[in-house]
K.L.:
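Input: one structure, supplied below.
The analysis underlying the following values was restricted to heavy atoms, covering all of them including side chains, and did not include hydrogens, waters or symmetry mates.
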Amino acid sequence: MIDVTRMNGSVVSINNDLIETVEETPDTVITLTTGKKIIVKESRQEVKNLVKCYKKEISCNF
């Protein structure tokens, strides 16, 4: 799971395997496979980096 910051400042953990798309419109909108959309403060590139780091961390634990 990755931690992202909602526009109201609260931090939420989301399952990166459920991320379908990440777009900047200009706010960053994460769309999950469930259809739920989350608007976050992080940029699209930051979300991408969080997912990459998480996957790298998980693969090193095996």
K.L.:
Take atom NZ in K48; do more than 12 heavy atoms of anything else shown fall under 6.0 Å from it?
P.N.:
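Incorrect, the count does not exceed 12.
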K.L.:
Going from CD on E46 to CD1 on I2, what distance comes out if it is rounded to the nearest 0.5 angstrom?
P.N.:
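Answer for the CD-CD1 pair, E46 versus I2, is 11.0 Å.
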K.L.:
With distance as the sole criterion, is a donor-acceptor pair present between the side chains of T28 and E23 under 3.5 Å?
P.N.:
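Looking only at side-chain atoms, E23 and T28 do not form any donor-acceptor pair under 3.5 Å.
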K.L.:
Going by heavy atoms in the side chains, are N16 and V51 under 4.5 Å from each other?
P.N.:
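Result yes, sub-4.5 Å side-chain heavy-atom pair found.
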K.L.:
Any idea which heavy atoms bring V47 and E42 closest together, and the distance?
P.N.:
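Looking at all heavy atoms of both residues, the closest pair is CG2-CB, 4.1 Å.
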K.L.:
State yes or no: do Y54 and L50 share one hydrophobic cluster built from I, L, V, M, F, W and Y residues joined by side-chain heavy-atom distances below 4.5 Å, directly or via other members?
P.N.:
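Yes.
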K.L.:
Quick one: NZ on K37 to CG on L32, what's the gap to the nearest 0.5 Å?
P.N.:
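One finds 10.0 Å between NZ of K37 and CG of L32.
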K.L.:
Taking atom CD1 of I39 and atom CG of N8, what is their separation to the nearest 0.5 Å?
P.N.:
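Answer rounded to 0.5 Å: 11.0 Å.
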K.L.:
What's the spacing between C53 SG and I58 CD1 if we round to 0.5 Å?
P.N.:
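Atom-to-atom, C53:SG and I58:CD1 are 12.0 Å apart.
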K.L.:
Within the structure provided, determine whether V12 and D3 are in side-chain contact (heavy-atom separation under 4.5 Å).
P.N.:
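When only atoms from C-beta onward are counted, D3 and V12 do not touch, as no gap falls below 4.5 Å.
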K.L.:
Scan N15, L18, I19 and name whichever one has a side-chain contact (heavy atoms from CB on, under 4.5 Å) with T33.
P.N.:
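So the option named by the test is L18.
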K.L.:
Are the side chains of V29 and V22 in contact, using a 4.5 Å heavy-atom criterion?
P.N.:
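No. Closest side-chain heavy atoms not under 4.5 Å.
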K.L.:
Would you say the side chain of V11 lies within less than 4.5 Å of the side chain of V4, judging by non-hydrogen atoms?
P.N.:
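With C-beta onward as the side chain, the pair stays apart.
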K.L.:
Please report the closest heavy-atom contact between S13 and M1, naming both atoms and the distance.
P.N.:
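So the minimum-distance heavy-atom pair works out to O-CE, 3.6 Å.
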K.L.:
For a quick test of reading the model, state the closest non-hydrogen atom pair linking K41 to M7 and the distance between them.
P.N.:
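So the two residues come closest at CE-O, 3.4 Å.
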K.L.:
Restricting to salt bridge (Lys or Arg N to Asp or Glu O under 4.0 Å), what partner residues turn up for K55, sequence neighbours left out?
P.N.:
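Once residues adjacent in sequence are excluded, the partners of K55 under the salt bridge (Lys or Arg N to Asp or Glu O under 4.0 Å) criterion are D17.
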